[in-house]
Amino acid sequence: MTTTPTTMTVRERGNMWSYRSLIWNFAQRDLKARFKGTALGWLWSLVVPIATLVIYSVVFSTIMRMKPPDFGNGATGNVAVWLWAGLTAWSMCANSLNSSIGALLGAGPLLKKIYFPPYAPVLGSVIALLIQSMIELGIYLVVLTAFGNVSWTWLLVPFWLVIFAVFLSSISMALAVLNVHFRDLAHIIGVAIQLLFYCSPIIYPMTLIAGKSKMGIPADKLISANPLTQFIVIFRDLTYGLTPGSPLAWLYITGWTLAVAWVARRVYRARALDLSEEL
Amino acid sequence: MTDPAVRVVGVSKKFTMHTEKRNSLKERLVRGRARTDGDFWALTDVSFDVPRGTTFGLIGNNGSGKSTMLKLLAGVHRPTSGSVIANGRVSALLELGAGFHGELTGRENVHLNGSILGLSKRQIEQSMEKIIDFADIGEFIDAPVKVYSSGMYVRLGFSIAVTVDPEILIVDEIIAVGDEEFQRKCFDYMFELRKRGTSIVMVTHSMALVESMCDQAAWLENGQLKAMGDSRDVVRRYLDNVNDREVAAAPEPAVEIPEVAEVSEHPRLGSGEVRIVGLEYLSDTGSPAPVLLCGDSATFRIRYSATEPLRDVVFGLGFLHETGVTVAGPNSESGTAPVPVLASEGFIDFHVPRLTLQPGNYEVSVAAVNHGHTFDHVDRGYKLRVRGAEGSEPGLTRMFGEWTGGTSPRVLVGDEVLNA
């Protein structure tokens, strides 16, 4: 048996797996830095979503008199729980984009002095956010259990979560890299995220817009085409409606995720490897 | 076995220069792509090997590409062409305390840095005690690094870089930081690493350090490899070049007639029958030189003008090192026959076959006296620069000699004599 010495250029030290402890360290750094010096610490990650939920519940159940769909187990629907489903998925998306877009700029001082793959801080930041979101998700599932709305379809949630995580990290990666080259991208994305909120069925059900169009533009088709719509619809189907979701929707989000991952890879290859000179 | 630790093959690095940075989408849309002001080649076609287990020095003037080279070795930048190949784990110390996050504690930063270097959590835990111990920062390890003093910052940075047991260590100018005690600790540790077979690549401006620590060195100039090989040779060639350039940059002869201001500063004494009008330095070729080389022959030519012929004049020279120490004070009395001074202009030469002054800056006093009577005394009126063709030794003068060795017969001492 011959052992060949591990000859490699300085940068090719390993794949993503071999950098897992670094990615995890960045995630930890994000989590610690976020809650350090705050009296409530981790509780803060719950204050914002709960406050949002309370506001929406009041607005939609008492002012707008929205009637939520029934639970999957046949019980009468609950506005707060129904909204919580959409908001959980939504906040995963919005928060991870918002925070990871600056991940590379934040790691700039490090990247200029020591080499590590630039994806590490971005993935770390996405992971930190997903962990935070797990609390929201957990509370949501506990509430559903209290309503007796549990089914085998919950077992599909992890699959959904993995696809969503890859989808979000790919977008985050591309945006974080581009944000180094175009420092105002973060502002644009901030506006885009707001727009996206209303273009996704978070505070309204898809049934509300079925068949509607304006100036010949079919609103329902447009909103269905939004990949985030399908992510939210599937998530709500799995947890609230207790149906496995339409295979077409699953296919749709998988297709989008692969496409976005491919684009992110292209952007990374083209732009991320000389970042230390741009920072 | 004979694989080099680091192999640099035909590496070039280009930086694109922008007059103005356009790094926002708005500017791109409004004003188009940024104009490039041409390219700057920081390195062109540099190749060298760092043999395993050796210490390698990179020398050169500021802006010669040394730091760019280190950044390429550390992987921070990518070469534009060519390749940098490392056999083993590289730990780089480009700027001490480089990878610290201010909000995190020292301990957390150790974890972060350790994982950047590719260590597992367990390996980091194992080194933790050693790192804290070496950095000598006590309980500050659990305080956020933003409250650290600069010394603590530096110490922790160095500790992490060296205690993670790197196979290849890349160090940039470490001697410039830290107090004396820590510097010594650093050198001891680097020496230790060297003994253990760690390959070290360092950039420094201290030629003495290169000569003492490095086995090999490379000299970069304007991004090109000028010389490479045994560190002493490379340092010598580099210093020669610097000396030549200094000579070329200061072509005016060394005749410096002290100006009035200088004279008033250091009062000019003497009755004035003989006046010192100049001092020239002649190199070993006999031509005037602005700089003299330690170890070469040199001639000091004192120019005087006299108002009347004098028989007994003793000329003296006083060499003061820039630290204020008088290093030597030769005078013509101890020489051969006294030199008669004729009326009008003349000169007297003091020739040394081998200049023993160490490289440095000196001030020279010149005096013309006779049995306690002073004709003229120019106190510290002339500047002398001595440069070395070799690296420096400690001390103000150099003792030229030969080192030889042999085996000595066994000498009986003390009890052994009695027992014999």
Side-chain angles (χ1 to χ4, degrees), chain A residues 4-15 18-37 105-118 120-121 124 178-189 269 272-279, chain B residues 1 3 6-7 13 15-16 21-28 71-80 83-105 108-109 111-124 144 157 161 168 170 172:
Chain A
T4 46
T6 50
T7 302
M8 47 195 168
T9 66
V10 191
R11 285 197 163 196
E12 297 162 356
R13 258 180 310 189
N15 53 21
S18 68
Y19 275 106
R20 64 190 183 281
S21 105
L22 177 61
I23 295 171
W24 177 236
N25 257 296
F26 273 112
Q28 277 182 313
R29 186 186 82 160
D30 259 34
L31 289 173
K32 278 178 190 155
R34 191 163 304 143
F35 300 115
K36 201 151 258 189
L105 279 184
L110 268 170
L111 265 173
K112 275 160 79 176
K113 282 158 202 149
I114 189 163
Y115 175 71
F116 53 88
L178 292 176
N179 189 42
V180 174
H181 294 275
F182 310 108
R183 304 281 164 104
D184 54 353
L185 193 64
H187 303 290
I188 298 169
I189 293 302
R269 287 269 168 94
L273 300 174
D274 289 316
L275 275 183
S276 54
E277 292 164 34
E278 293 281 340
L279 284 160
Chain B
M1 194 61 207
D3 249 18
V6 178
R7 168 162 269 172
K13 179 67 188 170
F15 290 109
T16 309
K21 268 207 146 174
R22 290 199 190 153
N23 50 11
S24 79
L25 271 178
K26 188 203 82 195
E27 283 181 330
R28 272 280 178 106
K71 286 199 162 182
L72 293 176
L73 291 179
V76 172
H77 290 340
R78 271 198 310 178
T80 309
S83 63
V84 177
I85 294 158
N87 286 310
R89 186 168 58 234
V90 178
S91 172
L93 205 56
L94 295 191
E95 214 167 289
L96 285 168
F100 287 165
H101 188 279
E103 287 289 333
L104 299 184
T105 67
E108 287 161 350
N109 270 303
H111 274 284
L112 186 62
N113 272 271
S115 57
I116 287 176
L117 294 171
L119 297 183
S120 71
K121 200 172 157 78
R122 190 181 314 139
Q123 283 173 301
I124 297 169
I168 300 161
I170 292 171
D172 195 358

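Please read all numbers here as calculations on a predicted model, not as lab measurements. Just so it is clear: chains get the letters A, B, ... in the order the sequence lines come, proteins before strands, and each one is counted from 1.
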> Which bit of A/Leu275 comes within less than 4.5 Å of chain B, counting heavy atoms only: side chain, backbone, both or neither?
Replying inline: neither
> To the nearest 0.5 Å, what is the distance between CZ (A/Phe26) and CD1 (B/Ile116)?
Replying inline: 5.0 Å
>> Using every non-hydrogen atom in the two residues, find where A/Lys112 and B/Val76 come nearest and quote the distance to one decimal.
In response: O-CG1, 3.3 Å
>> So which atom in B/Leu112 and which in A/Leu22 form the shortest heavy-atom distance, rounded to 0.1 Å?
In response: O-CD1, 4.1 Å
> Which atoms form the tightest heavy-atom contact between A/Asp274 and B/Arg78, and what is the distance?
Replying inline: OD2-NH2, 2.9 Å
> What is the distance from atom OG of B/Ser120 to atom CZ of A/Arg20, rounded to the nearest 0.5 Å?
Replying inline: 8.5 Å
> Under 4.5 Å between any side-chain heavy atoms of B/His77 and A/Glu277, yes or no?
Replying inline: yes
